[in-house]
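Read the structure below first, then the notes.
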Amino acid sequence: MNRVVLLSLCFLWTRTGSSHRLLGPDSGSGSGSGRNSSGSLDVSVSVSVDVDLSSAIRRVDRRYLSVTVDASLAAEERFMYLLSSPKIRTLAKALTPAFLRFGGTRQDFMVFTPQGFHKDSGVTADPSCDGVELPSWLEDKLKKEWTQQQLILMKEDLQRKYTRVKFTESTVDLLHSFTNCSGMDLIFGLNALLRTADNRWNSSNARSLLQYCESRRYRMSWELGNEPNSYEKKAGIRVDGEQLGRDFTHLRELMSESKLYRDAGLYGPDVGQPRDHRIDILKGFLKSGARVVNACTWHHYYVNGRDASLDDFLDPVVLDTLTVKTNKVLQEVNLVSPGKKVWLGETSSAYGGGAAGLSDTFVAGFMWLDKLGLGAALGLDVVMRQVFVGSGSYHLVDDNLDPLPDYWLSVLYKRLVGPEVLKIEAFSNFVQSKRVRLYLHCSNTKSYRRGAVTLISMNLSKKPARISVPALVSSSTVEAFVLQSDQPGERGLYSRSVKLNGEVLKMVDDKTLPDLKGSRLPPAKHLQLPAYSLAFFVFIEAQAAACQ
Ligand SMILES: *[C@@H]1O[C@H](CO)[C@@H](O)[C@H](O)[C@H]1NC(C)=O
Ligand SMILES: *[C@@H]1O[C@H](CO)[C@@H](O)[C@H](O)[C@H]1NC(C)=O
Ligand SMILES: *[C@@H]1O[C@H](CO)[C@@H](O)[C@H](O)[C@H]1NC(C)=O
Ligand SMILES: *[C@@H]1O[C@H](CO)[C@@H](O)[C@H](O)[C@H]1NC(C)=O
């Protein structure tokens, strides 16, 4: 009844050289504590692990974990002021370095309508970033109104009827001030549905926006269009990939006329995940546009938010679908433009705004952390989480501007995980082992000395797991960061609070995050990986050659 199933993972750390295939205890090659942890039990899972600490298999962008703000926030311009909340800025700072992409369905309905004079809103004027803040009465008012606004936006999405949105200098000023003051790099998504009679992109509105941004000396980069594969459904306009590539070429020419944007980033085409004609759009785009973009972007969601279940969020088969889609995109890109970076330009658990009660709770962490781990290993260079704050239920920060479990997971990832991806492979005859998912990176050198490695691990099952570390690693101190729900069992999966090493995480005040302390494990102890847990284990003295 209360049978505890233990899972032993033996790690052999090769400090200098080659990759070693290690077999678990049942094969007889386990050693020390590893052998006993499963040997004394009636049910055991034997997993063998391959790690190679001699060299990194790849290196991702230092802004690998990045975030988005959906353009729907600007549908009513006043909501952009939420980005001036001191709390939001504090939360954003902790996620840097990162890109902030401003885009989404409504970007293709937005028209820049300058007021011609520069309104100093007071909120944004201070270039030193610690001037006037959003007053708390206004923040409260906007938060209340945003709840109503979300209903209107949702209705538009359901009916796929989008109205043209006019935005002024104020939207751009607020976005720039938010990103600049929190230390993020802004990517602005331009409207690609402004078309000429012969279905080319009409760049005149973008030109005036670029001129404004240049006049304000705003350092930023650009995108053009969002999910062009669904333009017909959203707007009754069909744009093929090759034309889109020519539109990007036109935008690049426009940028090259500007001193400030000549060398700025341009990313696209932000297509949906490969399926049917979406792959044709990508192929066509690459033919005529690959040359002018700095990275090729696509979007990924595992499931439909309207019918997603708890089981989907914990299903290794669902998590593995990312591999198939990613490999497909990488293959297309490498065919036409070998070496071109590939980004997830917008991604989350479930499309359609997320799955309410799942995308915003503890269980969402499994999809998010697995995407980060798997994406880096497969060859993605940047992953932009839809969304940091605002639309839907897949946000990192909720409508009261309080951080959700995925926010804390993201902050820990930033602090602990470095850009170098190391090889780790787990082999087992047992299907269950698919439910323990492991990724290995060099540790973030801002937090740890060189040579340290961070093991990213997840246990998707009800039962506790135990990782036994053989004597070979016992010389390395381990710092553990184990995230669990604040409530036990399956109920806990739906929780909006998360515990780090047993303590519930919450902000100290609007300008202060709690200390995110690891717990030091004495050498040669088992690593505990409880049921339904997410964990980072930092092997401080691993002395990995790949991480020197
Ligand atoms: C394994 O562990 C059990 C319980 O912790 C202990 O009684 C037993 O002696 C150990 N066996 C070996 C071979 O170390
Ligand atoms: C913010 O703006 C200032 C002034 O333009 C610039 O020096 C700085 O690099 C910017 N920081 C970021 C993160 O964009
Ligand atoms: C592009 O749009 C502008 C502004 O709406 C319009 O004045 C201009 O005629 C358009 N150009 C073309 C070629 O369609
Ligand atoms: C968690 O640990 C239990 C016990 O070893 C194991 O049965 C289960 O498969 C693990 N969960 C995952 C997701 O692997």
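From a predicted model like this one, the values you see are computed outputs, not experimental measurements. Whatever order the structure lists ligands and atoms in, that order sets their numbers, starting from 1.
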Geometry only, no angles: is N202 polar-contacting ligand 3 at N/O separations under 3.5 Å?
yes
Should you measure from each heavy atom of S204, which atoms of ligand 3 turn up under 4.0 Å away?
1 (C), 2 (O), 3 (C), 4 (C)
Proximal atoms of ligand 3 relative to T196 (non-hydrogen, under 4.0 Å)
12 (C), 13 (C), 14 (O)
Does the separation of the ring centres of Y494 and F362 fall below 6.0 angstrom?
no
In Å, rounded to the nearest 0.5 Å, how long is the span from CG of D247 to CG of L190?
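Atom-to-atom, D247:CG and L190:CG are 11.5 Å apart.
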Can you confirm whether some protein heavy atom lies under 4.0 Å from atom 5 (O) of ligand 3, or whether none does?
no
Specify whether the nearest protein heavy atom to atom 9 (O) of ligand 3 is under 4.0 angstrom away.
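Answer no: nothing from the protein, no heavy atom, is under 4.0 Å.
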Distance under 6.0 Å and angle within 45° of ring axis: K371 vs Y302
yes
Salt bridge or not for K143 and E139, using N-O below 4.0 Å?
yes
Give a yes or no answer on whether the side chain of T249 reaches the backbone of G245 with a donor-acceptor pair at less than 3.5 Å.
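Such a contact is found between T249 side chain and G245 backbone.
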